[in-house]
Peer 1: 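What follows is a single structure, and I will ask about it in a moment.
Keep in mind that what you see is a predicted model, and the values were worked out from it rather than measured. We use all heavy atoms of the structure for the numbers below, so side chains are in, but hydrogens, waters and symmetry mates are not.
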Amino acid sequence: MSACVPTRATQPTDSATPERLHQPHSPPPAPRRRFHLAGADVSASIAVFLIALPLSLGIALATGAPLQAGLVAAAVGGLVAGRFGGSALQVSGPAAGLTVVTADLIHRYGWRTTCAITVLAGLAQLGLGCLRVARTALAVSPAIVHGMLAGIGVTIAVAQLHIVLGGTPQSSVLANLLALPAQVAAGRAAALVVSALTLTLLLLWPRLPGRAGRLLRKVPAALVAVSGATAVASLTGLTLPRVELPSWSSHALAGLPEGPALGLVAAVLTITLVCSVQSLLGAVAVDKLVAARAASPDGAEPTDGTGSAAIGSASPTGSTTAAASPATVPSAPRVARSDLDRELLGQGAANIVSGALGGLPIAGVAVRSSANVRAGAVSRNSTMLHGVLVVVAALLMVPILELIPLASLAALVMAVGIQMVSLHHIRTVTRHREVLVYAVTTLGVVFLGVLQGVALGIAVAVATALHRLAHTRITHDEKEGVHHVRVRGQLTFLAVPRLSRALHVVPHGAPAVVELDGSFMDHAAYETLQDWQKTHTAHGGTVEFGGRRPGLRIAEPVIPHADEDADCRCGPWTPWRNHQCDLTSLAPATTDEADGRRTDTVIATSTNTNTETATGPGTHAPTPTRTRTTAAESTPPESAGAKNADVPPDDTDGGRNRDTDRKETDPPPTAHQLVRGISAFQRNTAPLVRDELERLAREGQRPSQLFLTCADSRLVTSMITSSGPGDLFVVRNVGNLVPLPGEDSGDDSVAAAIEYAVDVLEVRSITVCGHSGCGAMQALLNAEPGEARTPLKRWLRHGLPSLERMADDGRPWARLAGRAAADAVEQLCLTNVVQQLDHLRAHASVDRALRAGALELHGMYFHVGEAQAYLLTEGKVFDHVRPVDVPA
């Protein structure tokens with residue numbers, strides 16, 4: 001034994017000295033990795049397996065392939081793509097988006113050649129992965145992807161409707177539509193009963209109410225629907241076609257491709273395109289789901305359909321069961337972001353193996369992937385274990401699988417196809433003015449085929465982009481002697497002739513306003529505007545640019561000139577820094593008579609608009625916009641809090657009135673501020689939001705949230721929630737109070753807003769938002785019995801239950817995660833949010849919506865000084881809202 005390597009007996013006992021089990025001057029051996037299977041991965045794999053089993057059989061049935069091919073693809077997708085793919089939690093297998101393509105290939109070339117095409121497509125994916133072009137695939141317009149999947153969904157639904165009715169589908173959508181009346185007239189009762197039962201269970205299972213329903217909903221609706229229909233068909237002895245799984249010894253494998261070379265190449269390209277795009281989009285969607293799960297304080301999965309929306313397929317389970325977040329498991333590893341190039345390599349390897357073994361083409365699947373994330377999976381072991389379970393089921397559960405009626409599987413796949421036509425996607429493409437691309441792609445896929453439909457969609461998308469770039473609307477009109485030239489759209493050399501004609505209509509010496517509403521200007525247009533401006537001003541005219549105007553750089557959105565609004569540094573859609581306007585120019589400088597010190601008077605607007613009038617000194621003094629001495633700073637806090645006025649009160653020490661230098665004919669400074677703000681909006685912001693506001697005016701408001709918060713001026717709801725026009729239905733009052741319903745409430749305005757938001761606008765969530773330094777809560781704490789019943793005091797009585805709740809030792813206090821409340825005011829602010837949520841539940845409209853599962857309630861606390869939002873979680877804890885990595 002080498003003397004350089006001591007034995008264990010001679011090892012020192014000091015734990016700080018590590019063992020040396022390798023030769024000196026050589027690198028230490030890599031640590032032996034021990035396989036660890038987390039319990040979360042086991043439970044997630046079972047949930048995914050229960051969804052994958054019936055869907056794999058149903059998709060195989062829809063393509064016309066051997067039913068065992070669906071099981072082969074599901075197993076290979078779990079084991080191969082799960083092991084070698086770049087997305088740890090994405091589940092791959094036979095996808096509904098490939099149904100139409102695969103069915104067409106089987107009809108044209110036969111099953112063995114289709115398997116060979118799948119192998120060649122896998123090789124093509126390997127080549128693309130080696131070239132590292134995965135990100136390029138994401139450049140396809142979402143309208144094309146959603147249109148393609150919608151067209152495939154329509155094709156699937158129409159074809160499977162024939163099997164649901166007990167018949168046989170035709171080879172095309174048009175033929176299926178023409179044969180549908182005869183199929184309905186045939187009226188096969190057994191198939192209709194089984195299909196109707198499957199669809200009923202599929203629809204109602206995710207909507208089971210109550211605590212028992214919440215537990216039952218953990219079982220996938222797809223499994224319940226197929227199992228229930230199978231049990232009914234077996235117990236009642238219905239005679240109808242069922243699953244037939246031949247012996248594995250007779251399973252057909254891939255053969256040499258036979259057919260015209262050009263057709264085979266087109267088939268390989270089609271499979272490669274559809275598989276790659278769907279898998280890559282699915283990986284991106286899974287990253288969003290994982291990030292949202294990690295950011296959720298209680299581990300609950302957001303129910304906005306992010307994952308399925310990004311892929312274009314909704315879960316047939318319809319369930320949004322919350323799963324425990326990995327954050328709740330102390331040893332849970334962090335899930336890495338997807339490596340898209342590696343994902344493409346893994347998908348290619350899986351398609352090669354699946355095609356060689358006689359399986360269907362493989363892609364990332366929305367339904368199984370979202371279920372995997374929701375079930376709490378923490379590594380790729382869940383995906384691989386689900387593949388193992390599929391293998392076990394294919395070998396040991398054949399007698400049970402052969403009891404499943406084909407009509408039940410067809411109804412399941414038909415529901416998946418219908419859900420692929422997403423109303424959310426249609427609204428999105430309509431909002432982005434891409435409905436033409438979506439419609440052309442959908443109709444092309446339905447009536448011509450997937451490859452042809454996608455090609456048409458790409459052509460229309462390119463034509464639309466060129467039209468938007470080249471189409472520029474230029475108008476000229478005269479109002480009160482001022483000539484207005486408006487340019488809508490991108491300003492390129494193609495629009496220079498029309499721009500020149502419009503500019504030369506403006507007579508010499510006349511005032512002119514040029515409004516540029518666009519994000520791009522090329523060099524030719526810039527020089528045209530610049531030359532005209534020099535010529536026009538040389539002849540005594542004036543030129544003012546509005547909207548996006550030419551600045552120092554060509555072809556970039558620019559900012560207003562520095563000499564405009566020099567005393568107001570707030571621009572449209574900019575970070576809220578120094579947003580208050582410096583109104584030094586509106587009030588003259590004064591000299592303190594006591595020491596001759598010059599003081600620049602700055603009008604300080606009140607930053608607390610709720611209850612500082614009732615509580616004496618405000619908890620936060622008005623914040624000046626400059627560091628020099630201001631009138632607000634020189635005012636005693638007692639008088640500032642008592643007056644709560646926009647203009648500071650007169651000095652009480654003999655100083656002269658700060659308003660004496662202003663002429664009586666001048667408008668007050670606050671009027672200047674209002675006019676300047678409106679003018680800045682009309683000039684800079686209105687051109688940017690006019691199209692969106694025109695759409696909202698035309699379509700009406702459809703907000704998704706009711707946001708109930710305090711009237712405090714420091715709470716800018718649109719800024720805190722990053723929302724825009726039409727997103728929030730906002731109700732503001734002193735103290736964010738929700739009076740209990742009843743005749744003695746004395747105020748129905750809040751109740752009316754709640755009823756309107758829930759019953760008419762059909763909002764999906766209500767948020768009660770409190771904030772730090774709330775004057776209403778301070779007034780409640782400082783209230784003395786027997787005080788005058790002013791309107792403010794009468795209103796604040798709705799906050800008394802919050803005081804009682806905080807004083808109740810039998811109830812746990814609402815608290816902030818990581819620290820205790822700073823003082824009694826902050827504790828009452830937190831308690832008040834919890835109490836007002838209880839008041840919300842007492843309103844009839846809210847109670848109905850909650851019981852129907854159509855509404856969510858959220859509590860929120862915003863700390864003004866920290867600019868930090870906290871969301872209420874289980875256990876009455878307000879936890880941080882952490883940054884979420886969301887792609888732009």
Side-chain angles (χ1 to χ4, degrees), residues 59 62-63 95-105 121 134-160 171-177 266-285 305 307-314 361 363-366 413-414 416-469 471:
I59 291 172
T63 60
L98 296 165
T99 301
V100 176
V101 181
T102 309
D104 182 60
L105 294 180
R135 290 284 175 186
T136 307
L138 298 180
V140 180
S141 170
I144 296 175
V145 177
H146 298 326
M148 177 190 72
L149 294 174
I152 292 173
V154 171
T155 306
I156 291 173
V158 174
Q160 296 308 296
S171 59
S172 67
V173 175
L174 190 58
N176 281 321
L177 291 175
V268 171
L269 291 178
T270 303
I271 293 289
T272 303
L273 172 67
V274 178
C275 288
S276 301
V277 171
Q278 182 165 343
S279 299
L280 295 176
L281 291 175
V284 173
S308 59
I311 305 173
S313 172
V365 188
V413 178
M414 185 180 73
V416 173
I418 293 173
Q419 290 174 339
M420 290 174 71
V421 186
S422 171
L423 294 179
H424 170 72
H425 294 156
I426 295 175
R427 286 194 294 266
T428 301
V429 299
T430 302
R431 185 166 62 250
H432 291 88
R433 297 184 299 171
E434 292 185 326
V435 67
L436 180 62
V437 178
Y438 179 90
V440 169
T441 306
T442 301
L443 295 176
V445 170
V446 169
F447 293 106
L448 300 177
V450 174
L451 192 60
Q452 295 87 339
V454 171
L456 279 176
I458 293 175
V460 173
V462 172
T464 302
L466 292 176
H467 177 266
R468 290 177 179 174
L469 183 62
H471 180 71

Peer 1: State, to 0.1 Å, how close V454 and V445 come at their nearest heavy-atom pair, and which atoms those are.
Peer 2: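 Looking at all heavy atoms of both residues, the closest pair is N-CG2, 4.4 Å.
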Peer 1: Which atom names give the shortest non-hydrogen contact between T430 and I426, and what distance separates them?
Peer 2: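 Smallest heavy-atom distance, with atoms named: OG1-O, 2.7 Å.
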Peer 1: What's the shortest heavy-atom distance between A363 and A95, and which atoms?
Peer 2: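 That would be CB-CB, 4.3 Å.
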Peer 1: Which atom names give the shortest non-hydrogen contact between A267 and L105, and what distance separates them?
Peer 2: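 So the minimum-distance heavy-atom pair works out to CB-CD2, 3.4 Å.
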Peer 1: Out of curiosity, R427 CZ to H432 NE2, how far, rounded to the nearest 0.5 Å?
Peer 2: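 Answer for the CZ-NE2 pair, R427 versus H432, is 13.5 Å.
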Peer 1: Does a side-chain heavy-atom distance below 4.5 Å link T464 with R433?
Peer 2: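 T464 vs R433: side chains apart.
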Peer 1: To the nearest 0.5 Å, what is the distance between CG (D104) and OG1 (T99)?
Peer 2: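 One finds 12.5 Å between CG of D104 and OG1 of T99.
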Peer 1: Measure the spacing between OG1 of T442 and NE2 of H425 and express it to the nearest 0.5 Å.
Peer 2: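 Rounded to the nearest 0.5 Å, the OG1-NE2 separation comes out at 11.5 Å.
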Peer 1: So which atom in V437 and which in A143 form the shortest heavy-atom distance, rounded to 0.1 Å?
Peer 2: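 Closest heavy-atom pair between V437 and A143: CG1-CB, 4.0 Å.
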Peer 1: Is there a side-chain contact between V416 and I59, using heavy atoms and a 4.5 Å cut-off?
Peer 2: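 No, their side chains stay 4.5 Å or more apart.
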Peer 1: Nearest 0.5 Å, please: how far is OH in Y438 from OG1 in T428?
Peer 2: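 One finds 10.0 Å between OG1 of T428 and OH of Y438.
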Peer 1: Hey, what do you get for NE2 (H146) to CG (L281), rounding to the nearest 0.5 Å?
Peer 2: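 The NE2 atom of H146 sits 8.0 Å away from the CG atom of L281.
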Peer 1: Looking only at heavy atoms, which two atoms of A461 and I144 are closest? And how far apart?
Peer 2: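 Shortest heavy-atom separation between A461 and I144 comes out as CB-CD1, 4.0 Å.
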Peer 1: Just how far is it from atom OG1 of T441 to atom CG of L448, taken to the nearest 0.5 Å?
Peer 2: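 If we round to the nearest 0.5 Å, T441:OG1 and L448:CG are 11.5 Å apart.
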